Amino acid sequence: MLTRLLKHHFAKPRPDGAPATLARTPSSSGFPSGHTLAAFVSAVVLPRTSGGRALALAVAAMVGWSRVVVGHHRCADVLAGAAVGSTAGAALAAVLP
């Protein structure tokens with residue numbers, strides 16, 4: 001829901017000329033990266049140890065990097081997704097037992 005709200009609000013188009021891939025071409029706007037946002041929320045909320053959190057954050061960063069590599073997002077889209085996802089994850093983690 002947060003991703004949809006932000007994508008609708010900013011309505012920033014995706015990069016032009018994304019290479020052809022087996023993945024479907026996204027139809028939503030590109031800002032922020034929803035995949036990156038979800039990966040960072042999960043990386044902040046789910047791990048129970050600092051080592052697990054470090055590994056999860058590294059994987060979340062790779063998710064963001066992959067979105068740029070396949071041409072579905074710009075770096076700014078991914079950085080915004082990481083920032084919003086980390087913030088939302090921290091807020092969620094603060095209220096979870």
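Quick note: numbers below take in every heavy atom, side chains included, and nothing from hydrogens, waters or symmetry partners. Here the structure is a predicted model, which means the values were calculated and not measured.
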> To the nearest 0.5 Å, what is the distance between NE2 (His35) and CZ (Arg67)?
Replying inline: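 So the gap between those two atoms works out to 4.5 Å.
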> Which pair of non-hydrogen atoms, one from Pro32 and one from Gly81, has the smallest distance, and what is that distance?
Replying inline: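 The answer is CB-N, 3.7 Å.
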> If you link I, L, V, M, F, W and Y whenever their side-chain heavy atoms are under 4.5 Å apart, who else ends up in the same group as Leu79?
Replying inline: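 None, because no other hydrophobic side chain comes under 4.5 Å of this residue.
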> For Val44, what are the other residues in its hydrophobic cluster, where any two members join if their side-chain heavy atoms are less than 4.5 angstrom apart?
Replying inline: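 Traced through the cluster, Val44 reaches Phe40, Leu57.
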>> I'd like to check the side-chain contact (heavy atoms from CB on, under 4.5 Å) partners of Ala38; sequence neighbours left out, ordered by chain and number.
In response: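 Partners of Ala38 by the side-chain contact (heavy atoms from CB on, under 4.5 Å) criterion come out as none, since no residue qualifies.
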> Quick one: side chain to side chain donor-acceptor pair (under 3.5 Å) pairs with a partner in residues 36-63, sequence neighbours left out?
Replying inline: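 Qualifying pairs: Ser33-Thr36.
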Mind listing the side-chain donor-acceptor pairs of residues 83-97 below 3.5 Å, one per line with the distance, residues two or more places apart or on another chain?
| residue | atom | partner | partner atom | Å |
| --- | --- | --- | --- | --- |
| Ser86 | OG | Ala82 | O | 2.8 |
| Thr87 | OG1 | Ala83 | O | 2.9 |

